[in-house]
Amino acid sequence: MDLLDIRNLTIEMDGPHGRVRVLDKVSLQLKEGEVHSLVGESGSGKSLLAKAVIGVLNPLWDVTADRLWWNGKDLLAMTPKQRRAITGRDMAMIFQDPLAYLDPNSTVAEQITEAIPAGDVTGTFMHRRIDRKTRVAQLLHRVGIRDHDAIMKSYPYELSEGIAQKVSIAIAIAHRPKLLIADEPTTAMEPSTKDQIQRLLGKLAVSQSMSVLLITQDVASILPATQRVSLLYCGQMMEHGDTETVLNRPAHPYTDAMIKMSLQAHAELEPKSKLPSLPGAVPTLRHMPIGCRLGPRCPYAQKQCVKAPLVRHRDEQSYYCHFPLNEPEA
Amino acid sequence: MSHLLEAVDLFKTFRPRRSWPWSKKSVALEPTSFTLEAGETLAIMGETGSGKSTLSKIIAGVEAPSGGELYLNGQKLNYAQSKRRCQNIRMVFQDSDKSLNQQLTVGQQLEEPLLFNREMSNSERKQLIHSTLRKVGLLAEHAAFYPHMLSTGQKQRVAIARAIILDPQIVVADEALVALDPSVRAQIINLMLDLQKDMGISYIIVTHSPQIVKHIADKILILYRGKMIAFNETERLLTEKQQPYVQALLHEHLINHSQITGNSSAKVTE
Amino acid sequence: MADIELYYQDRNPSPLQLVWFAFKRRLAPMISLWLLGALLVLVILAPVITPYSANVQFVDAVALPPSWTHDGNMQFLFGTDDLGRDMLSRLLIGGRFSFGLPIIMVILASTIGIFIGAMVGADTKSKLRVLGRTLDRLLTIPSFLLALVLIAILGAGLGNAIIAITLSLVPQFIYVTRNAVYQEWQKDYVTASRLNGCSNTYLMYRVILPNITPILVMQLTVALSVAIMDIAALSFLGLGVQSPTPEWGSMLARSLDEVYLSPWSMVLPGLSLFATIMAINVVGDSLRRAIKQRMDT
């Protein structure tokens with residue numbers, strides 16, 4: 001059974017210019033212990049998807065889905081209280097800017113201690129105190145911070161970007177969640193720090209046997225350990241499937257473009273040559289194209305593309321396109 | 001022949017907050033010298049806190065250096081000479097959202113540098129604004145738009161239009177490419193390369209992405225904790241053997257992990 | 001689908017207009033704004049539309065209740081007070097002092113305050129900063145108390161009350177403007193304009209001022225309600241507007257003696273004060289909400 005099973009999730013909101021569909025029939029399955037990368041440019045609704053799973057969307061928005069299941073239980077049918085219980089116990093989230101997320105007025109040790117579930121430490125007062133301290137040190141070691149003494153005593157503003165993100169990961173895994181949602185955790189970071197955080201997330205997924213849903217805007221920054229990848233554009237799912245297959249033999253023109261536009265691909269081009277790019281800009285909420293929303297920017301688009309394509313499958317990947325690329329020779 | 005831009009021993013110190021007047025000043029940038037030729041692209045690289053932003057701000061005139069000289073076309077450029085500087089050196093900021101005035105239309109913002117630096121009639125100004133907008137891939141109609149109506153990529157284009165409208169010799173871009181979406185980033189890089197070809201602009205780019213640097217930079221300047229540890233042509237830096245720090249910055253996949261972890265945790269305990 | 005746009009037409013409202021649209025969409029603030037507008041018109045036209053002079057005494061109609069009561073008389077719509085003066089005329093003329101004067105005082109105070117605040121806020125050297133800090137200390141004294149102290153020095157009277165209240169409002173404007181300007185000054189777009197070679201005056205008026213307008217307008221509404229309260233309170237204490245000039249506060253004070261005999265002489269000025277201040281606060285509050293809404297989206 002899938003840990004998280006989303007079928008045709010649709011989110012609609014009333015904007016100043018009428019009703020807009022910010023997420024259009026998105027399906028996503030996440031197995032236990034799986035590392036899944038969700039790739040999309042800004043405005044693709046990738047953060048909305050994460051918020052819908054956690055359950056922190058604006059209550060005025062319409063969330064409908066054929067299925068939004070967590071471990072076989074329907075999240076949409078639950079009361080907010082039940083839902084919070086599940087979210088608090090089994091899910092955790094880290095964000096792009098750890099310094100905005102950490103409490104500036106308490107030390108790292110205090111913040112991690114707060115996140116340790118009460119049932120974890122037992123015994124007399126002194127026992128609990130010592131237990132907590134060792135747990136904090138353990139957690140810091142687990143996220144790759146060796147000199148835990150110094151870090152425990154410091155305040156968030158004293159930490160470098162990478163360390164702060166590691167601390168926020170330590171807080172996130174303190175209650176041993178089944179799913180960690182990482183919302184662009186490395187976007188604004190330097191390459192070396194980025195690399196560290198990515199390795200750490202991959203390692204934690206294995207050692208803690210938790211699923212990781214990584215949200216990123218660039219194909220180049222998906223985790224090395226990613227098993228499956230999904231691409232989102234303007235609230236529509238473009239393609240998803242096994243990482244190897246999708247990245248080596250993309251079926252959807254958008255995937256193809258994203259791969260060609262990634263930083264890694266730039267390195268192989270002649271210096272100062274033109275970079276490949278999609279023409280135009282991401283449409284605003286007011287002017288969403290009908291049918292396949294990539295349509296106006298897609299180099300392969302034809303008349304049919306004003307009708308939203310149905311899902312098609314090929315080996316390990318599924319895609320939503322009338323004119324797929326890299327078709328095997330018939 | 002003189003260089004387009006020559007920096008001689010530029011440095012910047014500052015007094016930490018809540019310190020005594022006689023206590024030692026912190027050094028943001030140690031004396032740095034480099035040269036830049038017309039039509040070249042210089043990339044400034046380094047870790048966070050290495051002073052790369054400070055250096056770019058000094059060149060653009062946002063901050064005054066604590067000492068050292070800057071020569072433009074062989075003539076000395078003082079911090080106070082804002083007119084000469086802003087006609088020749090322009091800056092593109094990291095966040096186009098914050099660097100555009102939300103309350104003015106695109107046209108009004110592009111008019112601003114013209115009002116203060118060019119003697120032009122109203123219709124000439126309008127003409128120039130329209131042609132500049134077209135040059136950066138926007139429409140003349142965008143002049144009537146307010147920034148909040150534009151997408152991120154379009155805003156960045158407006159910021160670039162504002163930088164090139166005075167026909168400058170140097171454009172300083174401070175991390176202007178990092179946070180952009182892939183398709184927008186590729187478009188903006190293409191635009192910058194086109195403008196360089198057409199107008200002969202020199203770029204000074206602050207970034208930490210080795211791939212972008214490899215693609216567009218002619219020269220690289222590497223800072224480490226305020227000190228310049230390498231300044232050379234891109235090809236030579238890439239092919240010849242370098243210090244481990246330089247290697248790590250330029251070749252992402254070669255990072256020596258234990259060393260980097262050691263560095264960043266040292267920063268905390270300091 | 002009610003309106004179908006065949007041709008794509010884009011309205012391009014400025015951010016300030018967007019704040020106004022958000023403000024306009026709500027009912028209560030719009031009613032309040034209309035109320036204030038109507039009051040302003042009444043106050044300006046007061047000498048023309050009042051049925052009688054404010055101080056003329058009708059001996060045959062002393063302490064006449066309002067016209068809608070059993071004993072009332074249509075000649076005196078809101079009745080008369082204990083000296084036989086027409087309440088409606090007194091209220092309207094009194095509005096000039098209770099509502100019109102504060103507007104003028106706030107305009108004066110804001111001009112001075114915003115000017116000094118902008119100078120202090122934009123100043124990067126420490127010279128003017130001392131001035132700003134000193135004026136901050138003045139804020140620890142409530143504005144009414146400050147006005148009282150000034151009155152104690154200058155002596156009672158309408159002119160002195162105006163000076164005192166105006167002066168006591170200035171520090172708030174300086175404080176708000178200084179902080180707003182200082183905050184905007186740090187932002188990238190101001191740096192960008194500075195690098196455009198803009199003069200300081202241009203920076204202030206064209207670049208920064210539009211960005212802090214909402215904050216200033218909010219401060220204006222706060223100051224206006226404070227000024228109305230202050231002048232009413234001073235007159236109530238007999239330190240501001242002197243009798244027989246009608247003013248809502250002094251009318252309240254006068255009515256204390258005969259509140260059981262002619263309650264309307266207390267209720268009417270009290271209600272006017274309440275309605276005016278309520279309307280101003282609703283407008284200010286909704287403005288804040290509209291700005292916040294605009295920031296969030």
Side-chain angles (χ1 to χ4, degrees), chain B residues 57 59-64 81-118 139 141-150 155 158-160 162-163 165-166 168 171-172 174-176, chain C residues 7-22 118 122 124-126 129 180-218 287 290-297:
Chain B
K57 278 180 185 157
I59 298 167
V62 179
E63 282 175 17
Q81 279 177 309
S82 60
K83 277 274 142 67
R84 198 171 141 231
R85 185 193 296 268
C86 69
Q87 285 169 20
N88 291 307
I89 306 180
R90 305 281 291 156
M91 184 157 176
V92 178
F93 291 82
Q94 176 174 12
D95 192 342
S96 57
D97 240 345
K98 285 183 197 147
S99 71
L100 293 179
N101 192 340
Q102 298 295 320
Q103 308 286 349
L104 297 181
T105 61
V106 169
Q108 283 169 317
Q109 303 200 37
L110 293 181
E111 203 176 6
E112 220 173 82
L114 297 179
L115 280 177
F116 286 92
N117 294 297
R118 293 274 187 278
L139 302 170
E141 284 78 47
H142 280 113
F145 277 43
Y146 285 92
H148 67 90
M149 307 282 295
L150 303 175
K155 278 184 226 168
V158 173
I160 290 176
R162 180 170 63 181
I165 198 164
L166 287 175
V171 170
V172 180
D174 188 358
E175 307 264 18
Chain C
Y7 297 100
Y8 168 63
Q9 238 178 357
D10 218 346
R11 263 185 323 162
N12 196 359
S14 77
L16 283 181
Q17 277 173 314
L18 284 175
V19 169
W20 169 241
F21 290 153
T124 42
K125 294 172 197 74
S126 51
R129 209 171 278 176
V181 169
Y182 183 75
Q183 264 173 22
E184 297 299 310
W185 199 265
Q186 315 292 323
K187 291 188 181 164
D188 277 349
Y189 74 92
V190 179
T191 312
S193 289
R194 208 148 52 85
L195 292 181
N196 283 344
C198 296
S199 64
N200 275 348
T201 356
Y202 183 93
L203 268 186
M204 215 43 158
Y205 285 105
R206 293 300 305 277
V207 180
I208 294 183
L209 200 61
N211 281 287
I212 61 171
T213 309
I215 301 174
L216 294 183
V217 172
M218 235 150 60
L287 200 62
I291 292 164
K292 199 164 168 284
Q293 211 176 331
R294 169 81 201 93
M295 299 268 193
D296 288 348
T297 49

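By convention in this document, chain letters (A, B, ...) are assigned in the order of the sequence lines, proteins followed by strands, and residues within each chain are numbered from 1.
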- Looking at C:S199 and B:F116, what are the two nearest heavy atoms and their distance? N-CE2, 3.2 Å

- Compare every heavy atom of C:A192 with every heavy atom of B:S99, then report the nearest pair and how far apart it is. O-CB, 3.9 Å

- Query: Below 4.5 Å, heavy atoms only, C-beta onward: do B:Q103 and C:L209 meet side chain to side chain?
  - Reply: no

- Message: Does any backbone or side-chain atom of B:R162 lie under 4.5 Å from a heavy atom of chain C? Answer side chain, backbone, both or neither.
- Response: side chain

- Message: Below 4.5 Å, heavy-atom pairs only: which of B:Q102, B:Q87, B:M91, B:H148 has the largest tally toward chain C?
- Response: B:H148

- Query: With respect to chain B, which residue among C:D188, C:I208, C:T213, C:V190 yields the maximal number of heavy-atom pairs within a distance under 4.5 Å?
  - Reply: C:D188

- Task: Measure B:L115 against the heavy atoms of chain C and call it side chain, backbone, both or neither at under 4.5 Å.
- Result: side chain

- Item | Which atoms of B:L100 approach chain C - backbone, side chain, both or neither, heavy atom under 4.5 Å | backbone

- Query: Is it the side chain or the backbone of B:N101 that comes within 4.5 Å of chain C heavy atoms, both, or neither?
  - Reply: both

- Task: Check the pair C:L195, B:F93 against side-chain contact (heavy atoms from CB on, under 4.5 Å), reporting the backbone distance first and the verdict last.
- Result: CA-CA 11 Å; C:L195 292 181; B:F93 291 82; 4.3 Å; yes

- Under a 4.5 Å heavy-atom cutoff, which of B:R90, B:R85, B:Q94 has the most pairs with chain C? B:R90

- Item | Step-by-step side-chain contact (heavy atoms from CB on, under 4.5 Å) determination, B:Q108 to C:R206 | CA-CA 10 Å; B:Q108 283 169 317; C:R206 293 300 305 277; 3.4 Å; yes

- Query: What's the verdict on side-chain contact (heavy atoms from CB on, under 4.5 Å) for B:E112 and C:Y202, showing C-alpha distance, side-chain angles and the deciding distance?
  - Reply: CA-CA 9 Å; B:E112 220 173 82; C:Y202 183 93; 3.3 Å; yes

